[in-house]
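What follows is a single structure, written as structure tokens, with notes after it.
In each ligand, atom 1 is the first atom listed, and ligand 1 is the first ligand listed.
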Amino acid sequence: MSAHPPFSILARVYDRLMEDVPYEGWAEFVLAVLGGEGFSPRSVLELGVGTGNALLPFARRGLEVAGVDASAAMLAAARAKLPRARLLQADFRSFSLDRRFDLVYSAFDSLNNLTQPADLQAAFARALAHLNPGGWLAADLNTPAGLRELWREEVWEEDGVRLEYGYDPASAIGRLEAWVNGELEVHLERGYTPDEVSRLLENAGFGAAFCLVYPDGGEPGPQSDRFWVFARAPHRAQGNSG
Ligand SMILES: C[S@@+](CC[C@H](N)C(=O)[O-])C[C@H]1O[C@@H](n2cnc3c(N)ncnc32)[C@H](O)[C@@H]1O
């Protein structure tokens with residue numbers, strides 16, 4: 001049987017699987033960290049907007065919201081929740097909108113879907129091209145330790161959904177086979193360390209990055225499974241958004 005593209009059939013059940021994800025807490029955390037930096041965004045662009053759950057807390061607070069995602073099925077669900085948002089079907093590495101934002105946000109390890117560091121750097125460069133001078137990027141990523149723990153050989157099954165996880169420590173790449181009512185799609189994720197991500201951000205043109213663990217706000221350690229990275233765009237505009 002041939003597999004469907006990632007996040008196509010899973011879109012049908014995605015929100016049911018995500019019931020316990022702290023979307024509101026993440027948004028509050030990120031806004032509090034940025035507030036501590038003296039920054040209060042008025043517009044936000046999410047990379048990997050999915051079904052829109054992570055953008056909703058920003059829309060509820062009155063921010064202008066927009067999103068990019070490769071999956072038409074995920075975007076269809078997002079459009080139903082966020083009818084006024086600008087939602088673009090495109091790849092992180094090459095997307096182009098005709099405007100800039102105060103905040104580029106990426107929740108729930110969307111960027112780990114880029115399994116090559118050069119691709120992650122390309123996505124950061126596109127993020128920077130869409131940030132206002134002095135704007136911020138805030139992204140949540142899985143570490144290699146997190147993928148090793150969360151994606152170790154394991155099967156989860158409920159109501160017609162079967163998730164089969166695997167992890168290759170040599171490449172730090174996890175593989176998820178997601179079955180929905182007998183149909184298959186495959187996801188790959190690479191774990192990134194805070195140091196790797198900070199270096200890729202600086203290579204892409206951002207200022208010095210810092211990494212924090214939700215919800216306590218401590219620095220990530222060797223056992224941290226995921227972290228939020230924050231990096232600021234230079235105050236002079238870089239490149240262009242087109
Ligand atoms: C785990 S979901 C997260 C969705 C949403 N941010 C949330 O928190 O529920 C990852 C999303 O990233 C998107 N994605 C993965 N790789 C992508 C790429 N290279 N370009 C654009 N979107 C991508 C997928 O289609 C999917 O919707």
- Flag yes if more than 12 heavy atoms outside E154 fall under 6.0 Å of its CD atom; otherwise flag no. yes

- Query: Which other residues belong to the hydrophobic cluster containing V213, where Ile, Leu, Val, Met, Phe, Trp and Tyr are joined when side-chain heavy atoms lie under 4.5 Å apart, directly or via other members?
  - Reply: none

- Query: Name the residues with a heavy atom less than 4.0 Å from ligand 1?
  - Reply: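 Within the 4.0 Å shell of ligand 1, which is judged on heavy atoms, sit F7, Y14, Y23, E46, G48, V49, G50, A54, D69, A70, S71, M74, A90, D91, F92, A107, F108, S110, N113, L114.
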
- Message: The criterion is salt bridge (charged side-chain N to carboxylate O under 4.0 Å, His left out); which residues satisfy it with D195, sequence neighbours excluded?
- Response: none

- Message: Going by salt bridge (charged side-chain N to carboxylate O under 4.0 Å, His left out), name the residues that satisfy it together with E164, two or more places apart in sequence or in a different chain.
- Response: R162

- With side chain to side chain donor-acceptor pair (under 3.5 Å) as the test, would you mind laying out the steps for D69 and Q89 before giving the verdict? CA-CA 5 Å; D69 202 288; Q89 186 181 8; over 6 Å; no

- Message: Is the ring pair F210/F230 parallel, tilted or perpendicular, if the boundaries are 30 and 60 degrees?
- Response: parallel

